[in-house]
2 protein chains.
Amino acid sequence: MSNSSSADSPITVHLAYLLAQANREINRQLDARLRAEGVPVEQWRILKVLSDGNGRSMGDLAEAALLNHPTLTKTIDRMVADSLVYRISDPADRRKVLIFCSDRGKELAKRLAPLALGQEAHIAKNYGGKATAQLKRLLEDLIERAG
Amino acid sequence: MSNSSSADSPITVHLAYLLAQANREINRQLDARLRAEGVPVEQWRILKVLSDGNGRSMGDLAEAALLNHPTLTKTIDRMVADSLVYRISDPADRRKVLIFCSDRGKELAKRLAPLALGQEAHIAKNYGGKATAQLKRLLEDLIERAG
DNA sequence: CAAATATTGTTGAATTTTCAACAATTGAAG
DNA sequence: CTTCAATTGTTGAAAATTCAACAATATTTG
């Protein structure tokens, strides 16, 4: 509630800043919902990717969950300790480790999914379904052409 | 170069995820540019806010630089050690501490600004000026109605 | 095949962030 | 005025992240 634009500001706010700001806010909201189950957003992303039952290599998972490799390794360590996922060495390429979701992990994912959908719905309500769809499309394009 | 959508996917990708993904990528690019001067993105945000010469309280700065209070305190500690900013107790409210940009900090900000603008220009080129403007507007709306 | 190079994932140390508690100052209520 | 509550910022310990180096396996090249 500090600096709503006082007029059409001559100052250029960078896209990078707006993205960081929006991401921070939305992430904070999602975090608040997931807190009901005590699950950090990063773990939710991992569970969501794995909940289809397929195993993923650490590299693929890191990409999908938006985490660096060492961070993912340690996050998976924690999730293994919590019996949410498990590791299996990939028989086809023994450098790789495949991560699978345990039954416990799948159950948790099932409880988490509606929380995330709830946020999505909440945003669509406050912000408009059309604007949400448009924003999503623009973000997808940006990501695709980000290179 | 892994998972471009194989078709119009029936799976709903959450806005929260797209924002995180886009933010990660854009932030990474900005970071790569700022690395030329060895300055983390968070410090660049702080310098940009302060470079108009006005002092800001820790609270305001934390809001503007998208950082939690304790994180900001420690970041400012580092920047003070690097003589980029300095603290002055607010005479009007002695609970507050005002942060000011030093001359050295201003010079650094002046070297950093074109790097950030360069990224902005690069995005506009690859992604289109129209799409960029539209995305910015949508993000501003989202932030405003995020509550 | 052998050696050199690349890929994949983990580790330990260092850095950074976060959480909870705290100190100092201000504002509000009785 | 005095006490109680709220605001502002910092601190230390704990947790998480990152960086650089490494180990193991796979791939390429001579």
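A note on names: the letters A, B, ... follow the listed sequences, proteins ahead of strands, and every chain is numbered from 1. The figures that follow rest on heavy atoms only: side chains count, while hydrogens, waters and symmetry mates do not.
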Peer 1: Inspect the contact between B/Glu120 and B/Lys125 and indicate whether a charged nitrogen and a carboxylate oxygen are less than 4.0 angstrom apart.
Peer 2: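 B/Glu120 and B/Lys125: not salt-bridged.
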
Peer 1: How many Å lie between CE on A/Met58 and P on D/dA24, as a whole number?
Peer 2: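 In whole Å, D/dA24 P lies 18 Å from A/Met58 CE.
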
Peer 1: Whole-Å distance between C/dG9 C1' and A/Asp60 CG?
Peer 2: 13 Å

Peer 1: Does any donor-acceptor pair link the side chain of B/Lys74 with the base of C/dT15 at a separation under 3.5 Å?
Peer 2: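 No, the side chain and the base share no sub-3.5 Å donor-acceptor pair.
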
Peer 1: From the list D/dG9, D/dG12, D/dC19, which nucleotide is the closest neighbour of the side chain of B/Thr73?
Peer 2: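 The answer is D/dG9.
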
Peer 1: To the nearest Å, how far apart are A/Ile76 CD1 and D/dT17 P?
Peer 2: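 Value for this atom pair: 12 Å.
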
Peer 1: Judged by each residue's nearest nucleotide on DNA chain D, which is more toward the 5′ side, A/Asp90 or B/Leu72?
Peer 2: B/Leu72

Peer 1: Quick check on DNA chain C: between A/Asp31 and A/Ile99, whose nearest nucleotide comes earlier from the 5' end?
Peer 2: A/Ile99

Peer 1: Using whole Å, what does the distance between atom P of nucleotide C/dT16 and atom CG of B/Leu67 come to?
Peer 2: 13 Å

Peer 1: Which comes earlier along DNA chain C counting from the 5' end, the contact point of A/Asp93 or that of A/Arg35, where each point is its nearest nucleotide?
Peer 2: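 It is A/Asp93 whose nearest nucleotide is closer to the 5' end.
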
Peer 1: Provide, to the nearest angstrom, the distance between the NE2 atom belonging to A/His69 and the C1' atom belonging to D/dA16.
Peer 2: 18 Å

Peer 1: Can you get from A/Ile123 to B/Ile143 by hopping between Ile, Leu, Val, Met, Phe, Trp and Tyr side chains that sit under 4.5 Å apart?
Peer 2: yes

Peer 1: To the side chain of A/Thr75, which of C/dG9, D/dT10, D/dT17 is closest?
Peer 2: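 Within the option list, the nearest is D/dT17.
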
Peer 1: With hydrogens left out and only the distance checked, is there a donor-acceptor pair under 3.5 Å joining B/Lys96's side chain and the base of C/dT26?
Peer 2: no

Peer 1: Which nucleotide in the set D/dG9, D/dT25, D/dT11 lies at the smallest distance from any side-chain heavy atom of A/Arg94?
Peer 2: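 Nearest to the side-chain atoms of A/Arg94, counting from C-beta on, is D/dT25.
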
Peer 1: Of the candidate nucleotides D/dT18, C/dT25, C/dT17, which contains the atom at the shortest distance from the side chain of A/Thr71?
Peer 2: D/dT18

Peer 1: Among D/dT10, D/dA20, D/dA26, find the nucleotide with the atom closest to the side chain of A/Pro70.
Peer 2: D/dA20

Peer 1: Where do A/Arg145 and A/Glu140 land on the salt bridge (Lys or Arg N to Asp or Glu O under 4.0 Å) test, with the steps shown first?
Peer 2: CA-CA 9 Å; A/Arg145 301 185 194 172; A/Glu140 279 167 352; over 6 Å; no

Peer 1: Indicate whether OP1 or OP2 belonging to D/dA16 is found under 4.0 Å from a side-chain N or O atom of A/Arg78.
Peer 2: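 Yes.
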
Peer 1: B/Leu61 has an atom CG; how far is it from atom P of D/dT8, in whole Å?
Peer 2: 14 Å

Peer 1: Are B/Arg94 and B/Asp90 ion-paired here, with the side-chain N under 4.0 Å from a carboxylate O?
Peer 2: no

Peer 1: Rounded to the nearest angstrom, tell me the gap between atom CG in A/Asn68 and atom P in D/dA20.
Peer 2: 12 Å

Peer 1: On the side chain of A/Arg95, is there an atom forming a donor-acceptor pair with the base of C/dT7 - under 3.5 Å, no angle test?
Peer 2: yes

Peer 1: Could you tell me whether B/Asp82 and B/Arg78 have a side-chain N and a carboxylate O separated by less than 4.0 Å?
Peer 2: no

Peer 1: Round to a whole Å and report the spacing from CG of B/Leu66 to C1' of C/dT16.
Peer 2: 17 Å

